[in-house]
Colleague: 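Questions regarding the structure given below will be posed in turn.
Each chain gets a letter, A, B and so on, in the order its sequence line appears, and its residues count up from 1. Small disclaimer: the values here were computed from a predicted structure and weren't measured.
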Number of protein chains: 2
Amino acid sequence: MAKPATKLSEQVRRGELYTVDCPSRGVLKHVTSLWGVLVLITLRSGTHRFSDLRRKAKGVSEKMLAQTLQGLEADGFVDRKSHPVVPPHVEYSLTPLGREASSQVESLVDWIEANLYQVMQARQRKQEI
Amino acid sequence: MAKPATKLSEQVRRGELYTVDCPSRGVLKHVTSLWGVLVLITLRSGTHRFSDLRRKAKGVSEKMLAQTLQGLEADGFVDRKSHPVVPPHVEYSLTPLGREASSQVESLVDWIEANLYQVMQARQRKQEI
DNA sequence: CCGCATCCGCGTTGATACTG
DNA sequence: CAGTATCAACGCGGATGCGG
């Protein structure tokens, strides 16, 4: 790749998340959206078709799933393979980069699930007041 | 209410994130929202006032900051101390639970920032097609 | 039939103004 | 200073359409 290296390196410094128009905010949004999280985690177990993902990520609409996958694909986290057959067959899988990302996300989700009970207790305490 | 402890333990099992109405989805939403992330990370450096947070989390509106803080407080991640003086003085800090959560979130954000350059390259590749 | 783009109600968000 | 009230704008979900 040629190299917009210089241009990028200016904007891409640590802590730039605090800057309103830093691209990291966009990446963060893709990765941490509910459907982004579910897709990344689901794909850890292997390649999935569109409809498989739709079934596993309970509650996602077709539109949001397509949108989510496009975002993750554009960011280089997900690989899309379309087989030109009838009926259509499209496979989604994690890229090496996506596998790293999904690992981070999974660890966050694991923590949340492990501590969910404490959170629920905290919520109830507030509600009683 | 006494304790729906039994009730919770049924619903709060690993992998329940895939269930549409599992509370973990709500927690995830609070924690991974853009403003949730910024607040959690910002508070790692110590107690902050409302306006401090507003200034550091660039781009957040007063409404969303208030809303975000209420959500994180309800979930037991953030502690709110209001000093009844004029002008008002309210301090926000992390609870022990919140400190753990923010640690997880920070590690995700660190990874994103560290790999942002690769993501930007992937985006450009797609755009060139 | 599957994958996705489009169009339309509606809830959530954001900018502004106002109050304790 | 720390929020709430208000209204406009945007994003999401659901239904529909359509090419492959």
Colleague: For B:T42, enumerate each residue passing the side chain to side chain contact (heavy atoms under 4.5 Å, CB included) test, keeping only those at least two apart in sequence or located in another chain.
Modeller: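 So B:T42 forms a side chain to side chain contact (heavy atoms under 4.5 Å, CB included) with A:Y18, B:H48, B:L53, B:K56.
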Colleague: Atom CG of A:L65 to atom C1' of C:dG3: distance rounded to whole Å?
Modeller: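 For the pair A:L65 CG and C:dG3 C1', the rounded distance is 10 Å.
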Colleague: Taking side-chain hydrogen bond (donor to acceptor under 3.5 Å, both in side chains) as the test, write out the residues that go with B:S103, two or more places apart.
Modeller: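 Residues passing side-chain hydrogen bond (donor to acceptor under 3.5 Å, both in side chains) with B:S103: none at all.
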Colleague: Does A:D75 offer a backbone N or O that forms a donor-acceptor pair with the side chain of B:R123 under 3.5 Å?
Modeller: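 Not a single qualifying donor-acceptor pair exists.
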Colleague: In dot-bracket notation, what is the pairing pattern of DNA chain C, taking Watson-Crick (N1-N3 plus N6-O4 or O6-N4) and G-U wobble (N1-O2 and O6-N3) contacts under 3.5 Å, with [ ] crossing and | for other strands?
Modeller: ||||||||||||||||||||
Colleague: Can you give the donor-acceptor pairs under 3.5 Å from side chains of residues 65-72 of chain B to other protein atoms, not counting sequence neighbours?
Modeller:
| residue | atom | partner | partner atom | Å |
| --- | --- | --- | --- | --- |
| B:T68 | OG1 | B:M64 | O | 2.6 |

Colleague: The criterion is side chain to side chain contact (heavy atoms under 4.5 Å, CB included); which residues satisfy it with B:R80, sequence neighbours excluded?
Modeller: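 In terms of side chain to side chain contact (heavy atoms under 4.5 Å, CB included), with neighbours along the sequence ignored, B:R80 is linked to B:E73, B:S82, B:V90, B:Y92.
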Colleague: Send over the distance from A:D52 CG to C:dG3 C1', rounded to a whole Å.
Modeller: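 After rounding, the reported distance stands at 13 Å.
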Colleague: Please check the phosphate of C:dC4 (OP1 and OP2 only) for any side-chain N or O of A:Y92 closer than 4.0 Å.
Modeller: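 Result: yes.
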Colleague: Output all residues satisfying side-chain hydrogen bond (donor to acceptor under 3.5 Å, both in side chains) with A:S61, sequence neighbours left out; order by chain, then residue number.
Modeller: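 Partners of A:S61 under the side-chain hydrogen bond (donor to acceptor under 3.5 Å, both in side chains) test: none.
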Colleague: Between A:T95 and A:D79, is there a donor-acceptor pair closer than 3.5 Å when you use the side chain of the first and the backbone of the second?
Modeller: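 Side chain of A:T95 to backbone of A:D79: no pair is present.
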Colleague: With the sugar-phosphate defined as primed atoms, P, OP1 and OP2, and the base as all remaining atoms, what B/S/- string results for nucleotides 13-20 of chain C, 5' to 3', for protein heavy atoms under 4.0 Å?
Modeller: BBB-B--B
Colleague: List in chain and number order the residues that pass side chain to side chain contact (heavy atoms under 4.5 Å, CB included) with B:T47, two or more places apart in sequence or in another chain; answer none if no residue qualifies.
Modeller: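 Only B:E91, B:S93 meet the side chain to side chain contact (heavy atoms under 4.5 Å, CB included) criterion with B:T47.
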Colleague: Could you tell me whether B:E91 contacts a base, only the sugar-phosphate backbone, or nothing, with contacts defined as non-hydrogen atoms closer than 4.0 Å?
Modeller: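 No contact at all - B:E91 keeps every heavy atom at 4.0 Å or more from the nucleic acid.
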Colleague: Taking only residues at least two apart or on different chains, which pairs with a member in residues 30-53 of chain A satisfy salt bridge (Lys or Arg N to Asp or Glu O under 4.0 Å)?
Modeller: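 Of all non-adjacent pairs touching residues 30-53 of chain A, those that pass salt bridge (Lys or Arg N to Asp or Glu O under 4.0 Å) are A:R44-A:E106, A:D52-A:R55.
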Colleague: Considering only residues two or more places apart or on different chains, which pairs with a residue in residues 61-72 of chain B satisfy salt bridge (Lys or Arg N to Asp or Glu O under 4.0 Å)?
Modeller: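 Listed once each, the pairs are B:R54-B:E62.
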Colleague: In whole Å, I'd like the distance from the CZ atom of A:R80 to the P atom of C:dG3.
Modeller: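 So the two atoms are 10 Å apart, to the nearest Å.
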Colleague: What contact category does A:V86 fall into here, base, sugar-phosphate, or nothing, at under 4.0 angstrom with non-hydrogen atoms?
Modeller: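 Here A:V86 touches no strand at all.
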Colleague: Side-chain N or O of A:R49 versus OP1/OP2 of C:dC2: is the shortest distance under 4.0 Å?
Modeller: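 For C:dC2, neither OP1 nor OP2 has a side-chain N or O of A:R49 closer than 4.0 Å.
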Colleague: From the 5' end of DNA chain D to its 3' end, which nucleotides mark the outer limits of contact with chain B, defined by a 4.0 Å heavy-atom distance cut-off (strictly under)?
Modeller: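 So the contact region on DNA chain D extends D:dC1 to D:dT6.
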Colleague: Just to verify, what does A:V20 make a side chain to side chain contact (heavy atoms under 4.5 Å, CB included) with, not counting sequence neighbours?
Modeller: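 For A:V20 the side chain to side chain contact (heavy atoms under 4.5 Å, CB included) partners, ignoring immediate neighbours, are A:R25, B:K58.
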